[in-house]
Amino acid sequence: MRIDVITIFPDYLNPLREALLGKAIERERISVGVHDLRDWTHDVHRAVDDSPYGGGPGMVMKPDVWGEALDEVCGVQDATPRLVVPTPAGRPFEQKTAVRWSQDPWLVFACGRYEGIDQRVIDDAATRMSVEEVSIGDYVLVGGEVAALTMIEAVVRLLPGVLGNPLSAEQDSFSDGLLEGPCYTRPEVWRDRPVPDVLRSGNHAAIARWRRDQALERTYHRRPELLAALPEGDLDKADRKQ
Ligand SMILES: COC(=O)COc1cccc(COC(=O)c2cn[nH]c2)c1
């Protein structure tokens, strides 16, 4: 997978080079390009924003600069990328989004700042490629860089050979529509708190049942709407006792 990020703060993307993601780059599971939007300015001030038409607070990112940047970054291969624009006004980013994008050969992230990017940039790009305006949550960040890092990590960890143990990606929270239950490791007792007996019983059926019950209970208390969204057949008879 090829990933490009366009931003006015390229250093914000340095964490991509660390740890798990850094290994994925070393192993050539992914190649990453980070591009400074100001490289496509032509004025002495290297301006990337201007006042909003219609008035109002803040500044809007200029279409001409973004247009040239996207033409170049998205034009380097005869393939066309999926363009992702992190924005509070986007469709929610979910695990299923990460799963879908993990099949893509090329993702380009356009990191907006200020009040946002001139809408014509999105509309123009959408004539040539798939464009998705995506939100990582109902809050406002200063720019799209942190959201891009979040989404890139969620996608790249699903790629083959990136995670040490591929099973853990399959047993993620949400992979069965429920939240992950509690987990435990040594010591057996810690500050007078023992590990639940069932987990040390060696009875794998009982352990699986207990884990499912914990996931159901946690989902019921923290995210009841996820239970309501479960496909009918997913809750088996044993679950209904919960
Ligand atoms: C067309 O899209 C744009 O103009 C994007 O512009 C902006 C402006 C300000 C901040 C951001 C960053 O995204 C978020 O804050 C965000 C994403 N998820 N939850 C919060 C992006």
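Whatever order the structure lists ligands and atoms in, that order sets their numbers, starting from 1. Along the sequence shown, residues are numbered consecutively beginning with 1.
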Distance to 0.1 Å, residue and atom name: give those for the protein heavy atom nearest to [atom].
| atom | answer |
| --- | --- |
| atom 21 (C) of ligand 1 | Pro86 O, 3.4 Å |
| atom 1 (C) of ligand 1 | Glu133 OE1, 3.3 Å |
| atom 16 (C) of ligand 1 | Pro88 N, 3.6 Å |
| atom 20 (C) of ligand 1 | Tyr139 O, 2.9 Å |
| atom 4 (O) of ligand 1 | Ile117 N, 2.7 Å |
| atom 6 (O) of ligand 1 | Gly116 CA, 3.3 Å |
| atom 2 (O) of ligand 1 | Val85 CG1, 3.4 Å |
| atom 8 (C) of ligand 1 | Tyr114 O, 3.5 Å |

Would you check if [X] and [Y] make a side-chain contact, meaning some heavy-atom pair closer than 4.5 Å?
| X | Y | answer |
| --- | --- | --- |
| Val198 | Asn203 | no |
| Leu13 | Leu149 | yes |
| Trp190 | Tyr184 | no |

Which ligand 1 atoms, with their elements, are less than 4.0 angstrom from a heavy-atom of Ser135? 18 (N), 19 (N)

For ligand 1, is there an atom lying under 4.0 Å from some heavy atom of Phe93? no

Do the charged groups of Asp43 and Arg46 touch, with an N to O distance under 4.0 Å? no

Would you verify whether the NZ or CZ of Arg113 falls within 45 degrees of the ring axis of Tyr12 while also being under 6.0 Å from that six-membered ring's centre? yes

Say whether, by atom type as modelled, one donor and one acceptor occur between the side chain of Asp239 and the main chain of Asp236 under 3.5 angstrom. yes

Say whether, by atom type as modelled, one donor and one acceptor occur between the side chain of Arg29 and the main chain of Leu159 under 3.5 angstrom.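 No; zero donor-acceptor contacts below 3.5 Å.
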
Decide whether an N or O pair under 3.5 Å exists between [X] and ligand 1.
| X | answer |
| --- | --- |
| Leu141 | yes |
| Ile136 | yes |
| Val140 | no |

Glu72 and His35: side-chain donor and acceptor closer than 3.5 Å? no

Report the distance from atom CD1 of Ile3 to atom CG of Leu107, rounding to the nearest 0.5 Å. 5.5 Å

Proximity to ligand 1 by part of Gln119, non-hydrogen separation under 4.0 Å: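 Neither part.
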
